A.B. asks: 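First the structure, which I've put down as C-alpha cells, then a few questions once you've had a look.
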Amino acid sequence: MGKVIAVVNQKGGVGKTTTAVNLAAGLALAERPTLLIDLDPQGNATTGLGVSKAGLYPTVYHVLLGGESTEKAIHPTSLRGLRLLPADIDLVGAEIELVGLGKREHRLRLALEPVLASFDYVIVDCPPSLGLLTINALVAADRVIVPLQCEFYALEGLTHLLKTVKLVRERLNLGLDVEGIVLTMFDGRTSLALQVREEVNRYFPGQVFDTVIPRNIRLTEAPSHGKPVMLHDLRSTGSTAYLELTREVLSHEH
Ligand SMILES: Nc1ncnc2c1ncn2[C@@H]1O[C@H](COP(=O)(O)OP(=O)(O)OP(=O)(O)O)[C@@H](O)[C@H]1O
Ligand SMILES: [Mg+2]
C-alpha cells in the first residue's frame, strides 16, 4: 500500500509545491511508482508538471465532489514512474461545498482507496490554508512534511500547524505523524537563515530533515518548462538537494 505524505504549511510561498513536485519526481526516479495529488486550486503542481489546465476534466475536484473515478482523473507525466491527479480553479468551490457533505473530512482518503495499491508513494500538495482541503489531506495521510522558509516569522505559524496535526491525529486519523520539517530557500550567507535553522532544531529536535534546500534559480525555472528540476538541470544544487531529501525520506521507510 502506498505511503501518503501531505506537504503542508498554511503560510503561502514557502516551497510546498516545489517540494511536493520534486520529492515526487525524486521518488519516481528511484523507481518508486508515485502519485502526486494537486490539492491546491492554484494548480501550480499541475502546471509545473506540464499538464495544461485548459478544458481539463475530470480533476481532483470532480473526484472529491462529483463522484468521478480517481483512476480516470490520473494523468501520466514526463517521468515514467510519476503520475498526477491534477487541479484547477474549480477546486476553490470545494472548500465551501464540502462543508455541507457527509464524511467531508474523509473524501480524499475514500477516493484514494481504489488506487493506493498501485503506488509506493502518494504526495499531496496542499493549499496555503488549514481549511477543509488541507484537513482532507491530513486525514488521508500517513505522514506530514512541513516546508519552512528561513525568514523572521518562520516559526510563528509552525506551532499552530503542529497543533492542527495533533488534533487531526486525535480525532480523525490515528495513523498520522510528522515525517519532518524541511528548510527551504536556505541562504547560508545570511545570519538570519542560520539563526532560524538553529532555532528550529532547538524547538523541534529530531523532527528536522538533515537536508536543507538552498535557494536556486533552477528550481524557479523548472515549472515554466513543465518539468521537475531533475529533468531541467540534473546537476543544479536544487536538483541535488531534492534528490538528497528523497534519499532521507526513503531511509525512513523501515
Ligand atoms: N529553493 C528555492 N530556490 C529558489 N526559488 C524557490 C525555491 N523554492 C521555491 N521557490 C520559488 O518560490 C516561489 C514559491 O514557491 P512554491 O510555489 O513552491 O511555494 P508554495 O508554498 O507552494 O506557495 P503557495 O502557498 O502559493 O502554494 C515559487 O516561485 C518557487 O519557484
Ligand atoms: Mg503551492
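Remember, it's a predicted structure, so these values are computed and weren't measured experimentally. Whatever order the structure lists ligands and atoms in, that order sets their numbers, starting from 1.
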A.B. asks: Under 4.0 Å from a heavy atom of Pro128: which atoms of ligand 1 are those, numbered in the order shown and with their elements?
C.D. replies: 25 (O)

A.B. asks: Report yes if some N/O of Lys16 lies less than 3.5 Å from some N/O of ligand 1; otherwise report no.
C.D. replies: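 Min N/O separation from ligand 1 is below 3.5 Å for Lys16.
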
A.B. asks: Closest non-hydrogen protein atom to atom 5 (N) of ligand 1, residue and atom name please, with distance?
C.D. replies: Thr220 OG1, 3.2 Å

A.B. asks: Mark up the atoms of ligand 1 that fall under 4.0 Å of a heavy atom belonging to Gly12, in ascending order.
C.D. replies: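 Those of ligand 1 that fall under 4.0 Å from Gly12 are 25 (O).
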
A.B. asks: Has Glu170 got more than 12 heavy atoms of other residues, nucleotides or ligands less than 6.0 Å from its CD?
C.D. replies: yes

A.B. asks: Go through ligand 1 atom by atom and flag the ones less than 4.0 Å from a non-hydrogen atom of Ile213.
C.D. replies: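 Contacts of ligand 1 toward Ile213, numbered from 1: 1 (N).
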
A.B. asks: Taking everything shown except Arg171 itself, do over 12 heavy atoms lie less than 6.0 Å from its CZ?
C.D. replies: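 Not more than 12 within 6.0 Å, no.
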
A.B. asks: Donor-acceptor check, side chain of Lys53 to backbone of Pro86, threshold 3.5 angstrom: yes or no?
C.D. replies: no

A.B. asks: Measuring from atom 14 (C) of ligand 1, which candidate in Gly13, Gly48, Ala222 has the nearest non-hydrogen atom?
C.D. replies: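 Nearest heavy atom to atom 14 (C) of ligand 1 lies in Gly13.
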
A.B. asks: Only heavy atoms of Asp40, strictly under 4.0 Å: list the atoms of ligand 1 that pass.
C.D. replies: 27 (O)

A.B. asks: Examine distances only and state if a side-chain atom of Asn173 and a backbone atom of Ala141 form a donor-acceptor pair shorter than 3.5 Å.
C.D. replies: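 Looks like yes, one N/O pair under 3.5 Å.
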
A.B. asks: Look at the side chain of Glu248 and the backbone N and O of Asp210, then say whether any donor-acceptor pair between them is shorter than 3.5 Å.
C.D. replies: yes

A.B. asks: Output yes when Arg109 and Glu113 qualify as a salt bridge under the 4.0 Å nitrogen-oxygen rule, no when they do not.
C.D. replies: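 The answer is no: the pair does not qualify as a salt bridge.
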
A.B. asks: Number the atoms of ligand 1 from 1 as they appear, then name those within less than 4.0 Å of a heavy atom of Val14, with their elements.
C.D. replies: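 In order of number, 19 (O), 20 (P), 21 (O).
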
A.B. asks: Quick one: look up the protein heavy atom nearest atom 17 (O) of ligand 1 and list residue, atom name and how far away it is.
C.D. replies: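 Nearest neighbour among protein heavy atoms for atom 17 (O) of ligand 1, to 0.1 Å: Thr17 CB, 4.0 Å.
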
A.B. asks: Classify the ring geometry between Tyr57 and His62 as parallel (under 30°), tilted (30 to 60°) or perpendicular (over 60°).
C.D. replies: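 Ring orientation of Tyr57 relative to His62: tilted.
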
A.B. asks: Is there a donor-acceptor contact under 3.5 Å from the side chain of Asn136 to the main chain of Arg104?
C.D. replies: yes

A.B. asks: Look up atom 28 (C) of ligand 1 and tell me if a protein heavy atom lies less than 4.0 Å from it?
C.D. replies: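 Given the 4.0 Å limit, the answer for atom 28 (C) of ligand 1 is no, no protein heavy atom qualifies.
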
A.B. asks: Closest non-hydrogen protein atom to atom 7 (C) of ligand 1, residue and atom name please, with distance?
C.D. replies: Met185 CG, 3.4 Å

A.B. asks: Do me a favour and list the nearest non-hydrogen protein atom to atom 3 (N) of ligand 1 with residue, atom name and distance?
C.D. replies: Asn216 N, 2.9 Å

A.B. asks: Using 4.0 Å as the upper bound for N to carboxylate O, is an ion pair formed by Glu151 and Lys11?
C.D. replies: yes

A.B. asks: Can you tell me if an N/O/S atom from Asn44 lies under 2.8 Å from the Mg ion (ligand 2)?
C.D. replies: no

A.B. asks: Can you tell me which residue and heavy atom of the protein come closest to atom 30 (C) of ligand 1, and the distance to 0.1 Å?
C.D. replies: Thr18 OG1, 3.8 Å

A.B. asks: For the side chain to side chain donor-acceptor pair (under 3.5 Å) test, which of Asp125, Thr47, Thr46 pairs with Thr17?
C.D. replies: Asp125

A.B. asks: For atom 26 (O) of ligand 1, grab the closest protein heavy atom and report residue, atom and distance to one decimal in Å.
C.D. replies: Gln42 NE2, 3.2 Å

A.B. asks: Do side-chain atoms of Thr246 reach the backbone of Tyr242 as a donor and acceptor pair under 3.5 angstrom?
C.D. replies: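 At least one qualifying donor-acceptor pair exists.
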
A.B. asks: Considering only non-hydrogen protein atoms, determine which one is nearest to atom 19 (O) of ligand 1 and report residue, atom name and distance to 0.1 Å.
C.D. replies: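 Result for atom 19 (O) of ligand 1: Gly15 N, 3.0 Å.
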
A.B. asks: Under 4.0 Å from a heavy atom of Pro214: give me the atoms of ligand 1 that qualify, with their elements.
C.D. replies: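 Listed by number with element, the hits are 1 (N), 2 (C), 3 (N).
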
